[in-house]
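Throughout, a chain's letter reflects where its sequence line sits, starting with A, and its residues are numbered from 1.
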Amino acid sequence: MGAVDFTKILVANRGEIAVRIIRACRELGIATVAVYSEADALAPHMLLADEAVLLGPPEPAQSYLHIGRVVEAARRTGAQAVHPGYGFLSENPDFAAACGEADLTFIGPPPAVIRALGDKSRARRLAAAVGVPIVPGVDDPGSAEGALREAALRLGLPVLLKAAAGGGGKGMRTVRDAADLEIQAQGARREAAAAFGDDTLLIEKLIERPRHIEVQILADAHGNIVHLGERECSVQRRHQKVVEESPSPLADDPFRAALGEAAVRVARAAGYVNAGTVEFLVDDRRSFHFLEVNTRLQVEHPVTELVAGVDLVQAQIRVAAGEVLDLRQDDVSLRGWAVECRVYAEDPEAGFAPSPGRVLHLHEPQLPGVRVDSGIRAGQDIPVHYDPILSKVIAWAPTRSAAIRRMAQALREYVILGPRTNLLYLRAIVEHPAFAAGDLSTQFLPDHLGDWRPPAPPPEVLAVAATLLESNRHAPGSSRRRRAGAIAASPAFADPWDCLRGWRPS
Amino acid sequence: MGAVDFTKILVANRGEIAVRIIRACRELGIATVAVYSEADALAPHMLLADEAVLLGPPEPAQSYLHIGRVVEAARRTGAQAVHPGYGFLSENPDFAAACGEADLTFIGPPPAVIRALGDKSRARRLAAAVGVPIVPGVDDPGSAEGALREAALRLGLPVLLKAAAGGGGKGMRTVRDAADLEIQAQGARREAAAAFGDDTLLIEKLIERPRHIEVQILADAHGNIVHLGERECSVQRRHQKVVEESPSPLADDPFRAALGEAAVRVARAAGYVNAGTVEFLVDDRRSFHFLEVNTRLQVEHPVTELVAGVDLVQAQIRVAAGEVLDLRQDDVSLRGWAVECRVYAEDPEAGFAPSPGRVLHLHEPQLPGVRVDSGIRAGQDIPVHYDPILSKVIAWAPTRSAAIRRMAQALREYVILGPRTNLLYLRAIVEHPAFAAGDLSTQFLPDHLGDWRPPAPPPEVLAVAATLLESNRHAPGSSRRRRAGAIAASPAFADPWDCLRGWRPS
Amino acid sequence: MSDTRGVLVSGSQSVPYVIEREGPAATARVGDCEVVLSVRPVAPGLLAATCNGRNLQVHWVMDGSRTLLHVKGQTYEFELGRAGSREARAPIVEGDLRAPMPGVVSRMLVRPGQTVNAGDPLCVVEAMKMEHLVRAVRPGMVIRVTEPGTQVESGAVVVEVERTTEDADGR
Amino acid sequence: MSDTRGVLVSGSQSVPYVIEREGPAATARVGDCEVVLSVRPVAPGLLAATCNGRNLQVHWVMDGSRTLLHVKGQTYEFELGRAGSREARAPIVEGDLRAPMPGVVSRMLVRPGQTVNAGDPLCVVEAMKMEHLVRAVRPGMVIRVTEPGTQVESGAVVVEVERTTEDADGR
């Protein structure tokens, strides 16, 4: 494969995924334009790109969700294509259409496909029409007083409320008690409106303890579609994926073939082009039910990349440039096992409350078989306005157990001081015997880690802490400033006690 | 595969390879003991291990080459096995024997195999005996006045002088002019004695512009031997490998099969156990000639790991613990392409003179498909006493050209300030059209980069430098202290000029 | 040789300590345990500690009165307390409803004077695109509320509730 | 608005500069080129620069009078020179043999008073396990040598050679 037909791409996103896309462009020899809000003025994605355009104030509607400003930034910088990443405008058909009108290639499916599949109800009908089983549900019960309740009771509680336009757990609520229906629906509508600009809801019968298994597909504009195996994303907290892996511990070859074939059938029926994900719920009898199609790159795409040996972002760009897919289904071979952990700025000790703030100290793991897709840097202020995802740790190994051990090791070496994170919680997940057994469901976390608390500090940590705090007790200005240990001027074995004094930014 | 039969391993090495081995042990749930010299008192390998034992003064003979002290450290800490890494004691049969006598498992082949193959002359005879072609040469011409000259002239100049006990380019000299024979032989003998404790030389007929291609083998103690494909290591400077890759651009499937089969034949004849490398020179007619067997892990082992999907260090440990190899030759499948660049503390602008000193600023690349095996940290004093290798960058991608682009990107993002390095030179290599063409030989560097010089600073760099130096011109104490830019106390868009002042270690 | 005493506070826990220094090593008694340690600075934010013969890499930073530590894959927060005192933090007054995280009060569901039952939804705090419902922890009367749109720090009081003698529904 | 002038020295090259500051931006004239730039500190050792509309990440550190920069994959060393002066470094006197790197003089192959030809091996400096042969760059007489075993810095004179009127072999 030679050079791609783009010379400059605008990346309409922030954080780790923007960094990931900029790097993919750079490897293809394509210049990049970042966009950023005032809250991201010195964020890594903005620093890494060749050019950066300020969109506006921190609020998403004024920056990363503002179609006009993003398109104008692309026009002004002479970009030929736009990569939307995930979230924000990635599944907004109006944005894809606006790009087209401005002669920009939108790196994703055509607007009509996004629109059709983005409407969860249409997507369900489409899947059913090609013989793929779906979850029982009611499409758009309407916002009229009582309509929701009626639909829910018709399906039978418990039910799941979902943003018809949504994805990623935003605007999603489980309702087991009819009394909670109204307030939960209001909350779901508000979140849906904020995240997707559309508050239409969908009600589905809740499948108890399902496994969430999805299929990565890749389609070119010439009618070629392949699937790249499945990902299991059952480990979720409040419908938000936390740990993903590929392959699924549940899947054997016949299951994988059937699931992949179903996914390709849906994609083909939709006229799908570019990378996409077909999501399924699998019940306790190993039957799968079509859930929805995500018409964009997924957060968890790296596990597929490591197992299938394919660069999905580069493939997206090539397909968008009109190239023919360079692999057929027979060429796809899956090797080993990959696990991903999402690192969130949240406090597991305080009900997983978001924990924005300044990254005071950062050390990211670097070990063989481990990939860290990070969107943060030391000194950065993690804004309160966006998703709490900081980075993703992905571990590959020949076997699932080796990949899990490798992941645990990477999480141990990952240091983020400042915002509280779920790093220790993630390690508790991957080190849990039920996780090792592959015994997963979307209830995995409440079932097994509902009362998780971090261990108390062991004596050696208390001893080190006491020593450190004592050494800094009388340091001038220590009470209000940030400090970290200085490099010893003299080599090792110098008297250390004086050297524990910190440094202050001048 | 379950837990390994060791609970604690001593790592008898330093730098990146010691770090690599410690991490492999940790993934297997095995505790680690580092050894270190006074020059490495706060080196990364020493910090990372669970325990660390000081061996002695910086001189290798008093520390990393001191068999008694290393064995004593293992005994005292209760380690059951010793991993020697590469270099130092890794191919010293006396050390392997001393481990055995102290009831320590030496993670490598039995002493007798190391001894037999470490003697390059015996190894050549062994290969010839099983029908593997060898390079014409004279084993141990003796140190008598004139004996060397006579042997060299009998073979015909040019010849190559090599340490019979050696490897890695130490004690290796090309002689084209008979007048240089004596002084080059003396130098080679001294280097050989210093590096391997044995100054015996071997003379080989020089094959002009050969390719250096080697085969990774893995053998258990139960008679199973597999090969994991080849590595091409033709890009060398003074017999020191600089860039390696797997597979070789020269090799097609029949060539790979023939080479692998020859390597396994040699290994089987030698009674080989554990990981090893069989090296070949390939001439311009694609004929291969056995060169030697390296009875240890190679520096460049990661390219094989990425292409074959095998963790060689973990495999070494399992095999040493008596486990049966968990893969047969038919299970070995090679996928994609991997390239490795060795980062050296050397100054390409000053004849590649070693450049030890303090690492004042460090930023290692972290991108998908890129692995950095690093042995350094910010603030570390790189000692003058050991090999100049700082780290290795390894890039994997589905195709060779994509792997090369990825490598170039990783090298661009790799920042080491303090010691001078070959980072820019490495990028010049991988971006050279002859490298892209796969047109390699051990003369690649003199042929194509003999007169390489770094480009002059472009105007924007001069502008930034002038701004920076101006801002620090009047800073107190600026003339003798080390400084780096401070984190801005205020967010972006504050007046920057005052903020460019540096910080000083307190 | 020197000898220092103090109290280490971590969350709601206080641990007294005594440190005895002797050259580059020290003995620390924390609670009932004794640890022989030496600590060497490696780089800004990184220490190499040896505790009872084991290596520990310690990442750390001071942030105001808090000291954040990362050791062996776990993060800790400590501050110094006064010997004999355990009042390192203002105790949370039961009934005052606090923001669970830094964010914006996006909706207020009650008004001053209203009586509420334990578990009633009071207001919504939004941060990082997630809504968090603040519920009453006990019955009482709402005294004061926060204006919607206000940006609040974690732990800030967003609704004040006064305990009443009877429940909201008159029981 | 302010206006500063100076000379930037990099190796044997000197480049005069003029910097004109205006608010957060500046215009720098370096040699014959003009660059409009703004520079913002990001973290210790890291600046975000914008040069003629392009983003540049600049890693940097000062080490004595040297400033080391890393921009777009290349490392540079600069120091400030005096305007109009180009003598930033002592010129290397031809004939004096200098250590090519920091290391140890492991063997001395000549003695004072000996005459040498250009290309003759003079001594061996060893560092990082590699030996480097120092050769005479022109004919002359050895005046002074360094004791074997001496640790030397890069650029230190290890052998002094005085030019003679005839070559060593009398031609």
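For the pair B:V35 and B:V11, the minimum side-chain heavy-atom distance is 4.5 Å or more. Using a 4.5 Å heavy-atom threshold, the side chains of A:P365 and B:R23 count as separate. When side chains are defined from C-beta on, A:V339 does not count as touching A:I394, because their heavy atoms never get closer than 4.5 Å.
Here the closest non-hydrogen pair linking B:D373 and B:P302 is OD2-CG, 3.9 Å.
Proximity to chain B (any heavy atom under 4.5 Å) is shown, for A:R335, by both the backbone and the side chain. The part of B:A308 that comes within reach of chain A is its backbone (N, CA, C, O), which places non-hydrogen atoms under 4.5 angstrom from that chain. Within the 4.5 angstrom heavy-atom criterion, no atom of A:A39 approaches chain B.
Counting heavy-atom pairs closer than 4.5 Å to chain A, the top-ranked of the candidates B:R371, B:E364, B:R26, B:Q366 is B:Q366. Taking B:G309, B:A24, B:P398, B:G336 one by one and counting their heavy-atom pairs under 4.5 Å with chain A, the maximum is reached by B:G309. The greatest number of non-hydrogen atom pairs below 4.5 Å with chain A, out of B:Q314, B:E305, B:E413, is found for B:E413.
Under a 3.5 Å cut-off, the side chain of A:R377 and the backbone N or O of A:L42 do form a donor-acceptor pair. A:K392 places a side-chain N or O within donor-acceptor distance of the main-chain N or O of A:V299, the cut-off being under 3.5 Å.
Salt bridge status for B:R406 with A:E27: present, with a side-chain N to carboxylate O gap under 4.0 Å. With respect to the salt-bridge test (charged N to carboxylate O, under 4.0 angstrom), the residues B:D311 and B:R20 qualify.
Of residues 43-53 of chain A, those residues with a non-hydrogen atom less than 4.5 Å from any non-hydrogen atom of chain B are, in numerical order, A:L48.
A side-chain N or O of B:S391 and one of B:Y414 form a donor-acceptor pair less than 3.5 Å apart.
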